[in-house]
Amino acid sequence: MTQDRLIRHVLKPLLWLLCLAPLAGLGWLAYTGGLTANPIEFLNRYLGEWALKFLLIALTVTPLRSLTGWAGIIRFRRLLGLFAFFYVVLYLSSYIGLDQFFNWGDIWLDIVKRTYITVGMVGAVILAALAATSTKGMIKRLGGKNWNRLHKLVYVAGAAGCLHFFMMRKGVQLEPIMYAGFLVFLYLVRFADYLKKRRRKGKVGTAPAA
Amino acid sequence: MLIKIAKASDVKSSEITPKSLFDGRRNFLKTAAIAGVGFAAGSIAPPSFAMTGHGKQIDGIQPSKWTQESLGEALTDYPAVTTYNNFYEFGTGKQDPSSYATDFKPKPWSVVIDGEVDNPGTYSYEDLVSPHQLEDRVYRFRCVEAWSMVIPWVGVPLADMIKRFGPKNDARYVAFETLNDPERMPGQRSRVLDWPYREGLRMDEAMNPLSLMAVGIYGEELPSQNGAPIRLVTPWKYGFKSIKSIVRITLTKEQPATSWNMAGPGEYGFYSNVNPSKSHPRWSQAKERRIGEFLKRPTLPFNGYGEEVAALYDGMDLNEFY
């Protein structure tokens with residue numbers, strides 16, 4: 001089997017299933033009564049944490065390529081990024097539809113007044129723009145250079161997601177710090193990669209591979 | 001002459017549920033739970049028929065004027081009260097306390113009483129509690145995270161306890177401390193907060209009849225995840241003021257440092273009275289989700305206990321002293 005067919009017919013379908021596993025897990029928790037005494041809050045946090053996990057996983061693809069040298073891995077990046085956005089949409093929906101029950105006035109006040117929600121929304125808006133421009137047609141329409149530039153915003157979205165999580169938790173909690181630490185690690189790998197490339201090409205101003 | 005002025009939350013003596021009936025309900029529920037129809041009973045019975053647990057019954061509890069009937073709101077189910085907890089000493093997840101406090105042995109227990117008192121010393125749990133009459137008290141419980149419950153506590157008025165310590169005239173505050181023992185409280189192995197957990201009240205707040213030292217819920221001994229064996233309950237303040245598993249009570253001249261205020265002074269004030277008009281950086285406090293309900297309900301000033309406590313803060317700007 002060629003690598004292309006392996007990716008297309010085996011690995012990608014497998015990845016789809018893996019990406020949907022958190023929803024199956026949620027179904028199982030609901031079935032076994034594991035949604036706590038406050039299921040709305042639990043659902044919201046569960047979806048939010050998976051959105052951030054998928055965003056970090058998507059951001060791991062490029063560094064993993066430079067660390068392993070396997071170029072084929074890049075073909076999973078869009079799928080993972082879109083699943084991150086999928087969970088962001090579910091997360092936002094649970095906030096709007098369940099937690100706030102479509103109280104748009106209160107939602108607007110939350111966005112304006114509560115910094116961690118403002119930060120989270122910035123991340124969500126960025127991911128929406130990236131998801132909307134993720135098709136081949138959009139890459140063509142924007143041109144590779146512009147598209148690359150736009151999609152650099154994913155770094156901002158990653159930082160916004162981690163900051164949102166850290167600010168939401170009370171006290172100094174380990175979990176959000178671990179997420180942020182992992183993000184910093186990913187960015188450092190990219191930066192080292194960028195420096196290496198720049199040295200090799202011997203010229204200034206080359207952007208890193210997104 | 002003693003003139004009794006009735007308050008809105010007062011209940012006529014005729015409305016107090018006779019203990020026999022109260023016990024009868026409990027027995028009914030126990031039977032229902034044993035029969036395995038607890039869930040069905042909980043869903044078809046009137047709201048007051050919430051499930052009870054399997055803890056140790058406390059004997060000799062007297063009713064108080066704070067009953068479920070006088071409050072007029074449904075009790076939160078026992079499983080919810082005992083599995084949805086903020087008790088960072090056992091972990092930061094809501095279900096961590098009920099998962100990780102199972103091995104916690106609350107007794108034997110002792111409490112150090114010191115500071116501006118005539119009778120300082122180390123009191124055993126029994127010395128501390130047994131001279132007092134235990135009461136059933138149904139209070140609203142409002143967490144700063146904008147969720148709330150209605151909980152039937154068993155306890156002793158804090159004022160009665162403090163009187164026994166012989167407070168000196170210059171005692172102006174009461175400081176409380178939670179047990180600090182990472183061996184027994186695994187959540188303390190990470191420094192989420194600057195352990196031990198600390199809370200405090202102004203003397204007049206502590207002496208207010210609402211302030212309760214709780215040793216039980218639902219007529220049973222306090223489960224570990226709810227702050228066994230003895231905790232504070234101040235229902236007009238956000239839940240974090242109601243410090244759990246207390247090992248030290250100190251009467252002080254100066255306002256004591258309190259844990260959440262130390263962690264985030266801009267978010268959590270010393271007073272932390274429930275105040276729907278004082279918006280919190282994380283949560284609008286205008287509304288709350290009562291556990292078990294879908295739509296949020298409006299939050300009441302002082303959590304609905306304004307008649308009892310608002311006078312404590314006459315002349316204070318509660319937006320400044322939050």
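Per chain, numbering begins at 1; letters A, B, ... match sequence-line order. Computed from a predicted structure; not experimentally measured.
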Start with the C-alpha distance between B:Lys296 and A:Asp106, add both sets of side-chain angles, then the distance that settles side chain to side chain contact (heavy atoms under 4.5 Å, CB included), and finish with yes or no. CA-CA 12 Å; B:Lys296 291 181 183 176; A:Asp106 282 2; over 6 Å; no

Do the side-chain N and O atoms of B:Arg282 and A:Thr115 include a donor-acceptor pair separated by under 3.5 angstrom?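 The criterion, which ignores hydrogens and geometry beyond distance, is not satisfied for A:Thr115 and B:Arg282.
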
Among A:Glu41, A:Glu175, A:Arg45, residue most engaged with chain B (heavy-atom pairs, under 4.5 Å):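 When all of A:Glu41, A:Glu175, A:Arg45 are compared, A:Glu41 has the most.
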
When heavy-atom pairs shorter than 4.5 Å are enumerated against chain B, which of A:Ile117, A:Leu174, A:Asp110, A:Val172 gives the highest number?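 With the most close heavy-atom pairs to chain B, the winner is A:Val172.
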
Please identify each residue that fulfils side-chain contact (heavy atoms from CB on, under 4.5 Å) with B:Pro301, with sequence neighbours left out.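 Checked B:Pro301 against side-chain contact (heavy atoms from CB on, under 4.5 Å); matches are B:Pro276.
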
Is the closest side-chain heavy-atom distance between A:Lys170 and B:Asn86 below 4.5 Å?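 A side-chain contact under 4.5 Å exists here.
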
Under a 4.5 Å cut-off applied to non-hydrogen side-chain atoms, are B:Tyr88 and A:Gln173 in contact?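 Touching, per the 4.5 Å side-chain cut-off.
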
Tabulate, in ascending numerical order, the residues of residues 260-274 of chain B having at least one heavy atom closer than 4.5 Å to a heavy atom of chain A, or enter 'none'.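 From residues 260-274 of chain B, the residues near chain A are B:Trp260, B:Tyr268.
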
Sub-4.5 Å heavy-atom contacts with chain A: which residues of residues 187-199 of chain B show up?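 So far as heavy atoms go, B:Arg191, B:Val192 are the residues that approach chain A to under 4.5 Å.
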
Taking everything shown except [X] itself, do over 12 heavy atoms lie less than 6.0 Å from its [atom1]?
X	atom1	result
A:Met178	CE	no
A:Trp16	CH2	no
B:Arg297	CZ	yes
A:Tyr31	OH	no

Using the rule given for side chain to side chain contact (heavy atoms under 4.5 Å, CB included), can you reason through A:Ile40 versus B:Arg289, listing the C-alpha separation, both sets of side-chain angles and the distance that settles it, and then say yes or no? CA-CA 10 Å; A:Ile40 294 174; B:Arg289 171 164 291 114; 3.6 Å; yes

Supply the atom-to-atom distance [X] [atom1] to [Y] [atom2], rounded to the nearest 0.5 angstrom.
X	Y	atom1	atom2	value
A:Thr36	B:Ile291	OG1	CD1	7.5 Å
A:Lys113	B:His280	NZ	NE2	12.5 Å
A:Asn38	B:Arg290	CG	CZ	12.5 Å

Picking from B:Ser284, B:Ser259, B:Ser279, which has the most non-hydrogen pairs under 4.5 angstrom with chain A?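 Top count of heavy-atom pairs under 4.5 Å with chain A: B:Ser284.
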
Residues 157-166 of chain A side chain polar contacts: donor-acceptor under 3.5 Å, at least two apart:
| residue | atom | partner | partner atom | Å |
| --- | --- | --- | --- | --- |
| A:His164 | ND1 | A:Tyr116 | O | 2.6 |
| A:His164 | NE2 | A:Tyr91 | OH | 2.8 |

Closest heavy-atom pair and its distance - B:Phe294, A:Gly97: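 Reported closest heavy-atom pair: CZ-O, 4.1 Å.
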
Would you mind checking which part of B:Val81 comes under 4.5 Å of any heavy atom in chain A, side chain (CB onward), backbone (N, CA, C, O), both or neither?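 Neither the backbone nor the side chain of B:Val81 comes within 4.5 Å of chain A.
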
Counting only heavy atoms closer than 4.5 Å, note whether A:Leu98 contacts chain B via side chain, backbone, both or neither.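 Its backbone and side chain both get close to chain B.
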
